[in-house]
Amino acid sequence: MTQLRVVVFLMCLLWSPLMCLGIRSFPTTDKKSLSSGCGFNEAPEYRNGVHCRISSVHVAMTLDSEYLRGTIAAVHSVLRHASCPENVFFHFIAAEFDPASPRVLSQLVRSTFPSLAFKIYIFREDIVINLISSSIRQALENPLNYARNYLGDILDSGIDRVIYLDSDIVLVDDITKLWNIQLTESRVIGAPEYCHANFTKYFTDTFWSDPTLTRTFGSKKPCYFNTGVMVMDLKKWREGDYKAQIEKWMDLQKAQRIYELGSLPPFLLVFGGNIEPIDHKWNQHGLGGDNVKGSCRSLHPGPVSLLHWSGKGKPWVRLDENRPCPLDYLWKPYDLYKINQRLRSVHDHQPLGLSSNFIGYSNYFI
């Protein structure tokens, strides 16, 4: 019942009138984003209130045809809940060989968010393709998953701080709060940290049986963190050449197979035990289930500022196939894909939160 009350509260929050000064108007007509038929409804127009100072909140996300619908929903959620939405600048990283060209993706974003401040960068897959090893799920081998390793090089040199977000998230809080979190001492990354997770399972027996490799963590207490939501100090990142440190571990992985997952373990090896711990509410992750079955899961205990469908199951896929998990209904209000209009009449009449899937799931750490 506790989980049910939490979700009912969140649903009321999502559909209640917004209390911030960000919205100026809602368009009364839908516009086609592209003649190709990959259509999104135009988002409401979000504007700064009189209290907003001129400042920039930099957000980096990947942008590709496969996860495009998720990215659009994530951007929509950021703008909807931002106290100063015009201050948010998006840096989209597009794959070099994506079926949709960067120009097409740019036109689509612009037609969906006409007043959005953004820039699209091309990620050269050849710089990482030979470093990628096989993973437990093929989607984790996509070169674009590794773009976060190269943000210090990809983004303009004047960008010293960025929030990195995965495409399968929605925010239900003001992103400025996340932006203002301080990275103390020499820390390069801030993220929610989970020290009760079984850290050993992220690496193979080959790793743990090698005393030289295990000394990597030294006297540190390494804890799991999810790389789908990170506050990053790019100035320190460049100075420390952390890109090269991550590549070193990827090289070793090719030779010795020291982990099974994709882009996460190298981050754990470099930063485990030395990140700025952020409140868990900023990454309620694992909602996509495990990496094999993608089963339904419930929320972590505590408050929620960001929902993250990490794992195999994605809410737009499950909704379209008419087999959604209860929490997928929290993603739907941000979906701007035009198929949403056709599905709305079906899904809106389904009971929320009455499934036994709502409880009894524990392993979020993916």
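Residues take their numbers from the sequence shown, with the count starting at 1.
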Inset, instruction - Could you walk me through whether Leu213 and Phe203 pass the side chain to side chain contact (heavy atoms under 4.5 Å, CB included) test, one step at a time? - result: CA-CA 11 Å; Leu213 295 179; Phe203 306 96; over 6 Å; no
Inset, instruction - Could you give me the CA-CA distance, side-chain angles and deciding distance for Lys281 and Asp279, then say whether salt bridge (charged side-chain N to carboxylate O under 4.0 Å, His left out) is met? - result: CA-CA 5 Å; Lys281 69 180 183 178; Asp279 195 302; 5.2 Å; no
Inset, instruction - Given side chain to side chain contact (heavy atoms under 4.5 Å, CB included), test Asp168 with Trp331 step by step and report yes or no. - result: CA-CA 9 Å; Asp168 51 0; Trp331 179 88; over 6 Å; no
Inset, instruction - May I have the step-by-step check of salt bridge (charged side-chain N to carboxylate O under 4.0 Å, His left out) for Arg161 and Asp233, ending in yes or no? - result: CA-CA 5 Å; Arg161 183 182 177 93; Asp233 187 321; 5.6 Å; no
Inset, instruction - Begin from the C-alpha positions of Asp98 and Ser65 and carry the test side chain to side chain donor-acceptor pair (under 3.5 Å) through to its verdict. - result: CA-CA 7 Å; Asp98 191 271; Ser65 54; 3.2 Å; yes
Inset, instruction - Run the numbers on Arg238 and Asp153 for salt bridge (charged side-chain N to carboxylate O under 4.0 Å, His left out), then give the verdict. - result: CA-CA 8 Å; Arg238 297 179 184 112; Asp153 296 337; 5.8 Å; no
Legend entry - Residue pair Val231, Tyr164: steps toward the side chain to side chain contact (heavy atoms under 4.5 Å, CB included) verdict: CA-CA 6 Å; Val231 180; Tyr164 175 81; over 6 Å; no
Inset, instruction - Go through Tyr67 and Thr62 one step at a time and tell me if the side chain to side chain contact (heavy atoms under 4.5 Å, CB included) criterion holds. - result: CA-CA 9 Å; Tyr67 283 87; Thr62 57; over 6 Å; no
Inset, instruction - Tell me, with the steps shown, if Thr184 and Glu276 meet side chain to side chain donor-acceptor pair (under 3.5 Å). - result: CA-CA 7 Å; Thr184 59; Glu276 187 72 29; 2.6 Å; yes
Legend entry - Stepwise salt bridge (charged side-chain N to carboxylate O under 4.0 Å, His left out) test for Asp156 and Lys119: CA-CA 10 Å; Asp156 298 334; Lys119 182 175 181 178; 3.2 Å; yes
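Of the possible polar contacts, one joining the Ser209 side chain to the Asp205 backbone as a donor-acceptor pair under 3.5 Å is found. Side chain of Glu86 to main chain of Asn48: a donor-acceptor pair is present (N/O by atom type, distance under 3.5 Å, no hydrogens or angles). Distance alone, capped at 3.5 Å, is enough to place a donor-acceptor pair between the Gln284 side chain and the His300 backbone.
Looking at every heavy atom in both residues, Glu125 comes nearest to Ala95 through OE2-CB, 3.2 Å. For the residue pair Arg187 and Lys236, the shortest heavy atom distance occurs at O-NZ, 3.4 Å. For the residue pair Asp328 and Leu319, the shortest heavy atom distance occurs at O-CD1, 3.9 Å. Smallest separation of non-hydrogen atoms from Ser167 and Thr71: OG-OG1, 2.8 Å.
Ring to ring, His91 and Tyr121 are close: their centroids are under 6.0 angstrom apart. A centroid separation of less than 6.0 Å is found between the aromatic rings of Phe199 and Phe217. The ring of Tyr150 has its center no closer than 6.0 angstrom to the ring center of Trp237. The distance between the ring centers of His58 and Phe90 does not fall below 6.0 angstrom. Between Tyr194 and Phe225, the distance from one ring center to the other does not fall under 6.0 angstrom.
In summary, the side chains of Arg148 and Thr227 do present a donor paired with an acceptor at a separation below 3.5 Å, with no hydrogens or angles considered. Side-chain atoms of Tyr46 and His76 form a donor-acceptor pair, as typed in the model, at a separation below 3.5 Å. Checking Ser83 against Asp174 by side-chain atom types alone, a donor-acceptor pair falls below 3.5 Å. Thr204 and Glu260 are not linked by any side-chain donor-acceptor pair at a separation below 3.5 angstrom, with hydrogens and angles left out of the test.
In this structure, Phe123 CZ and Asp64 CG are separated by 12.0 Å, a value rounded to the nearest 0.5 Å.
A salt bridge links Asp320 with Arg69; the closest basic N to acidic carboxylate O contact falls under 4.0 Å. Between Glu239 and Lys235 there is a salt bridge, with a side-chain nitrogen of the basic residue lying less than 4.0 Å from a carboxylate oxygen of the acidic one. For Asp173 and Lys177, the salt-bridge test passes: some basic side-chain N is under 4.0 Å from an acidic carboxylate O.
Counting only heavy atoms from C-beta outward, the side chains of Met232 and Val188 never approach each other to under 4.5 Å. By the 4.5 Å heavy-atom criterion applied to side chains, Leu307 and Leu327 are not counted as neighbours. Between Val229 and Leu165, some side-chain heavy-atom pair lies under the 4.5 Å cut-off. The closest side-chain heavy-atom distance from Tyr259 to Pro266 is below 4.5 Å. Between Ile169 and Asn283 the shortest side-chain heavy-atom distance does not fall below 4.5 Å. Put simply, the side chain of Ser115 reaches to within 4.5 Å of the side chain of Glu45, judged on heavy atoms. Using a 4.5 Å heavy-atom cutoff, the side chains of Trp309 and Trp316 are not in contact. Annotation: side chain of Tyr146 is not in contact with side chain of Glu247 (no heavy-atom distance under 4.5 Å).
Hydrophobic clustering of Ile, Leu, Val, Met, Phe, Trp and Tyr side chains at less than 4.5 Å, counting indirect connections, unites Trp249 with Trp208. No continuous path of hydrophobic side-chain contacts links Phe89 to Met61 [ILVMFWY only; heavy atoms under 4.5 Å].
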